[in-house]
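What follows is a short report on a single structure.
In what follows, residues are counted from 1 in the order of the sequence shown. Counting convention: from 1, in listed order, for ligands and their atoms alike.
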Amino acid sequence: MAKTVVKGAMIYEGKAKKLFETDQPDCVIQYFKDDATAFNAQKRGTIVDKGVVNNKVSERLFRLLEDAGIPTHFLERLSDREMLTKRVTIIPIEVVVRNRVAGSLAKRLGLKEGGAIEPPIVEFYYKNDALGDPLITEDHVLLLNLAASPVVNQIKAWASRINQLLVPFFQERSLVLVDFKLEFGLYHGKLMLADEISPDTCRFWDKQTGESMDKDRFRKDLGRIEEAYQEVLRRVCG
Ligand code: TMP
């Protein structure tokens with residue numbers, strides 16, 4: 001697919017990204033905004049240059065995963081904030097992989113933050129803002145017709161494989177990959193990784209200090225948010 005595309009009309013605006021059509025019907029432009037939300041958009045703000053960081057970090061990680069045989073929607077990075085991707089139909093499931101206890105898992109199960117999860121776990125959340133993205137089981141995925149059974153199995157296998165690839169990648173960069181969220185899509189019936197992988201969608205703890213280096217700094221008002229995003233960019237792409 002060609003790199004030179006003509007940007008068309010906006011198709012969709014989400015909380016952190018906009019999608020534009022192009023002169024190629026199978027390709028869209030994903031534009032990364034600086035807008036930040038948390039708690040189902042009850043909290044809103046701006047993280048300066050977050051869009052640039054998330055675009056570049058996602059590019060690096062999509063390339064790494066493609067090289068390891070995981071199909072992704074990524075085609076080319078077009079600019080600081082724009083990425084050309086295949087036009088997939090997103091499966092409305094947020095797939096979360098967890099290596100350490102944190103966030104909603106700690107809350108839901110009353111576990112202390114930081115404990116190792118061995119083997120890592122994969123969870124599904126129904127991507128539905130009106131319902132607040134509830135945790136769902138595999139049976140619920142089938143009940144709601146979100147994906148067919150073989151697709152669910154492939155998603156679980158790829159989520160685990162992606163984790164196996166990303167944990168050492170971040171470890172080499174002095175970041176503990178605590179947990180992360182993935183979204184998958186279908187492109188002419190073919191399953192592939194989509195959306196983004198960035199400090200918005202991952203938890204990273206600095207290996208030395210244990211400090212959060214991700215969107216938790218915004219969620220929990222920890223300060224030095226921009227610095228953390230820039231430091232992740234430097235470690236991932238620098
Ligand atoms: P959680 O502990 O709040 O369930 O979050 C698990 C992971 O998923 C964490 O790395 C942050 C990411 N995440 C998103 O990417 N989008 C979301 O809307 C939420 C709630 C979490």
Phe74 and Ser58, any side-chain heavy atoms less than 4.5 Å apart: no

Sub-4.0 Å atoms of ligand 1 with respect to non-hydrogen atoms of Asp200: 15 (O)

I'd like to know if Arg81 and Asp49 make a salt bridge, using a cut-off of under 4.0 Å between side-chain N and carboxylate O. yes

Just need the protein heavy atom nearest to atom 10 (O) of ligand 1, so name the residue and atom and give the distance. Asp179 OD1, 2.6 Å

Are any side-chain N or O atoms of Glu226 and backbone N or O atoms of Val48, one a donor and one an acceptor, separated by less than 3.5 Å? yes

State the NZ-CG distance between Lys17 and Asn54, to the nearest 0.5 angstrom. 8.0 Å

When you compare ligand 1 with Asp133, is there at least one nitrogen or oxygen pair between them that comes in under 3.5 angstrom? no

Test: Glu59 and Lys56 ion pair at under 4.0 Å: no

Under 4.0 Å, heavy atoms only, figure out whether ligand 1 is touched by the backbone of Thr201, its side chain, both or neither. both

salt_bridge(Lys50, Asp35) N-O dist < 4.0 Å: no

Minimal heavy-atom distance between Lys15 and Asn40, with the atoms involved, is NZ-OD1, 3.7 Å

Would you indicate which of Lys127, Arg203, Lys181 comes nearest to atom 3 (O) of ligand 1 when only heavy atoms are counted? Arg203

Check each heavy atom of Val178 against ligand 1 and say whether those closer than 4.0 Å belong to the side chain, the backbone, both or neither. neither

Heavy-atom pairs closer than 4.0 Å: do any link ligand 1 to the side chain of Arg108, the backbone, both, or neither? neither

Going by an N to O cut-off under 4.0 Å, is there a salt bridge joining Lys33 and Glu13? yes

Quick one: which ligand 1 atoms are inside 4.0 Å of a heavy atom on Ser104? 1 (P), 2 (O), 3 (O), 4 (O)

Numbering the atoms of ligand 1 from 1, which are under 4.0 Å from a heavy atom of Phe180? 10 (O)

Between Lys215 and ligand 1, which part of the residue brings a heavy atom under 4.0 Å of the ligand: side chain, backbone, both or neither? neither

State the atoms of ligand 1, each with its element, that fall below the 4.0 Å cut-off from a heavy-atom position in Arg219. 11 (C)

Tell me whether atom 6 (C) of ligand 1 lies less than 4.0 Å from at least one protein heavy-atom position. yes

To the nearest 0.5 angstrom, please state how far the CD atom of Gln30 sits from the CG atom of Asn55. 8.0 Å

Tell me whether Arg203 is salt-bridged to Asp179, with the criterion being a basic N under 4.0 Å from an acidic carboxylate O. yes

Is the closest heavy atom of Lys107 to ligand 1 under 4.0 Å? no

Using a strict cut-off of 4.0 Å, indicate which atoms of ligand 1 neighbour a heavy atom of Val96. 6 (C), 8 (O)

Shortest protein contact, atom 18 (O) of ligand 1 (heavy atom only): Glu94 OE1, 3.9 Å

Give the numbers and elements of all ligand 1 atoms closer than 4.0 Å to a heavy atom of Gly103. 2 (O)

